[in-house]
Number of protein chains: 2
Amino acid sequence: MSRENKTQFALLGILMYQSFSGYELKKAINYSIGFFWSEDYGSIYPVLASLEKKGLVKKEYVHQEKKPSKYIYSITDTGIKHFSEWVSRDADYEKIRHELLLKIFFGHYCSVEDNIEKLKTEISFHENLLEKYQEIRSHLSEDSHPNESEKKYWLMTLDYGIRYSSMTIKWCEEMINNFKESRKE
Amino acid sequence: MSRENKTQFALLGILMYQSFSGYELKKAINYSIGFFWSEDYGSIYPVLASLEKKGLVKKEYVHQEKKPSKYIYSITDTGIKHFSEWVSRDADYEKIRHELLLKIFFGHYCSVEDNIEKLKTEISFHENLLEKYQEIRSHLSEDSHPNESEKKYWLMTLDYGIRYSSMTIKWCEEMINNFKESRKE
DNA sequence: GCCAACATGTAATGAGTTACATGATTAG
DNA sequence: CTAATCATGTAACTCATTACATGTTGGC
């Protein structure tokens, strides 16, 4: 089977909730699925154009006061079908490439200090993420969410993120301790 | 900064331990870093050619008995320098794209059964991985490993893999239970 | 006048994936 | 003879990233 453009489904999924411009889509992605899925303008605009050509979304030119005009994209009935078909199917096997693990695997070829440094950077990164998760969580509770079902799914992914970052931090810390203990011996 | 080809470092790293042909490299990668880093022939052969052109590896034609001839690649002094420079540096920020999480986030748009199905598939995948980790672990202990330092790093990444898969399985199971409980209400 | 935020795109490049194509050698 | 494994590559294509390019609007 040929590879599918996954960007389209991320965009369509967000548009299932609300119509957005390309610029707004980027922000919406950052604030919702951003910690496990990211998109750049370099993908968003071309993919929106191709989705429109296929009739999966439609655009509307909107004049704004106090801001530049924009194109608002809405999902069409065909788009909803296309998206639903994808979301029901099993996820593809995820091909991962974890550069930190690759460097740690080859850690024998650099100093213990360099290894510890890498692990510390990873810890900071995930501590930062954990703070972001709290922001998203409060964002979720303060906003008006008429649909409790949607919220349930959002909290599930948030829960995953928290577990993932916590696990990573714990692993990094234990590895650093391993290094420090073996240095004492 | 421009993007770096990471495949080259995976190959150079393996060649730090031992000289291999392209075909053997693929196998060595699968059996060592395979669960967090994969490469296909479509990348391996072209990258080996470009590494040779840059003088980072050298190849030798080897005739074999009972098997077709092959090219054995060895890392050069320049290659060792190039690799060491990379391995000492911090890992780049990892851009993740987790399709299962994306589908779960949009889980409101398909049936609970479809969601449970996806989580079950993920569980099988990681249970399979956990078995593989045991294989790698026994592979590591039965083989003659003169260098205990190398082994330490391999076990670190293995430990990460085990934690990651265990965490994922636990999360999936709890999410399935959530679904089943809310169905009872 | 200038900066920040809003807003939309294109072009160049490089990386990754899949399919294709070929051939050697051994075991059954 | 045939299948499996060993072995090396190329071509076509898609995808993602980065840099570039342009323009609006409001606030200081």
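Here is how names work: the chains are called A, B, and so on, in the same order as the sequence lines, proteins then strands, and each is numbered from 1. Just so we're clear, the structure is a prediction, and the values are computed from it rather than from any experiment.
- One N or O on the side chain of Ser182(B) and one on the backbone of Phe179(B) form a donor-acceptor pair closer than 3.5 Å.
- Remark: Lys103(B) qualifies as a cation-pi partner of Trp86(A) under the 6.0 Å distance and 45° angle criteria applied to the six-membered ring.
- Taking side-chain N and O atoms only, Tyr23(B) has a distance below 4.0 Å to OP1 or OP2 of dC6(D).
- The distance from atom CD of Glu94(A) to atom P of dG16(C) is 15 Å, rounded to the nearest whole Å.
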Which protein N or O atoms sit under 3.5 Å from an N or O of nucleotides 9-14 of chain C?
none

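- Side chain of Gln8(B) to main chain of Asn5(B): a donor-acceptor pair is present (N/O by atom type, distance under 3.5 Å, no hydrogens or angles).
- In summary, the aromatic rings of Phe36(B) and Tyr160(B) are positioned with their centroids too far apart to meet the 6.0 Å limit.
- As a whole-Å value, the separation of His63(B) NE2 from dG23(C) C1' is 15 Å.
- Distances shown here put a side-chain N or O of Lys95(B) below 4.0 Å from the OP1 or OP2 atom of dT17(D).
- The number of heavy-atom neighbours closer than 6.0 Å to NZ of Lys53(A), taken from other residues, nucleotides and ligands shown, is 12 or below.
- Following rounding to the nearest Å, Lys26(B) (NZ) and dT8(D) (P) show an atom-to-atom distance of 13 Å.
- Here dG23(C) is the nucleotide among dG23(C), dG16(C), dT8(D) with the atom lying nearest to any side-chain atom of Pro68(B).
- As rounded to whole Å, 18 Å separates atom P of dA4(D) from atom NZ of Lys67(B).
- In this model, the phosphate group of dA7(C) is not approached by any side-chain N or O of Ser69(A) to a distance below 4.0 Å at OP1 or OP2.
- Aromatic ring centres of Tyr71(A) and Tyr61(A) lie closer together than 6.0 Å.
- As a whole-Å value, the separation of Leu51(B) CG from dT8(D) P is 15 Å.
- The 5' end of DNA chain D is approached more closely, in terms of each residue's nearest nucleotide, by Ser21(B) than by the other of Ser21(B) and Ser43(A).
- The OH-C1' distance, from Tyr61(A) to dT8(C), rounds to 10 Å in whole Å.
- Note: Phe106(A) and Phe83(B) meet the aromatic proximity criterion, with ring centroids under 6.0 Å apart.
- Positionally, the nearest nucleotide of DNA chain D for Asp40(A) lies more toward the 5' end than for the other of Gln64(A) and Asp40(A).
- dT24(D) atom C1' lies 15 Å from atom CD of Glu65(A), rounded to whole Å.
- Applying the 4.0 Å criterion to OP1 and OP2 of dC6(D), one finds that Lys27(B) has a side-chain N or O inside that range.
- Counting to the nearest Å, the P atom of dT17(C) and the CD1 atom of Ile96(A) are 13 Å from each other.
- Dashed line: the shortest gap from a side-chain N or O of Thr7(B) to OP1 or OP2 of dG16(C) is under 4.0 Å.
- A close approach under 4.0 Å does occur between a side-chain nitrogen or oxygen of Arg97(A) and OP1 or OP2 of dG16(C).
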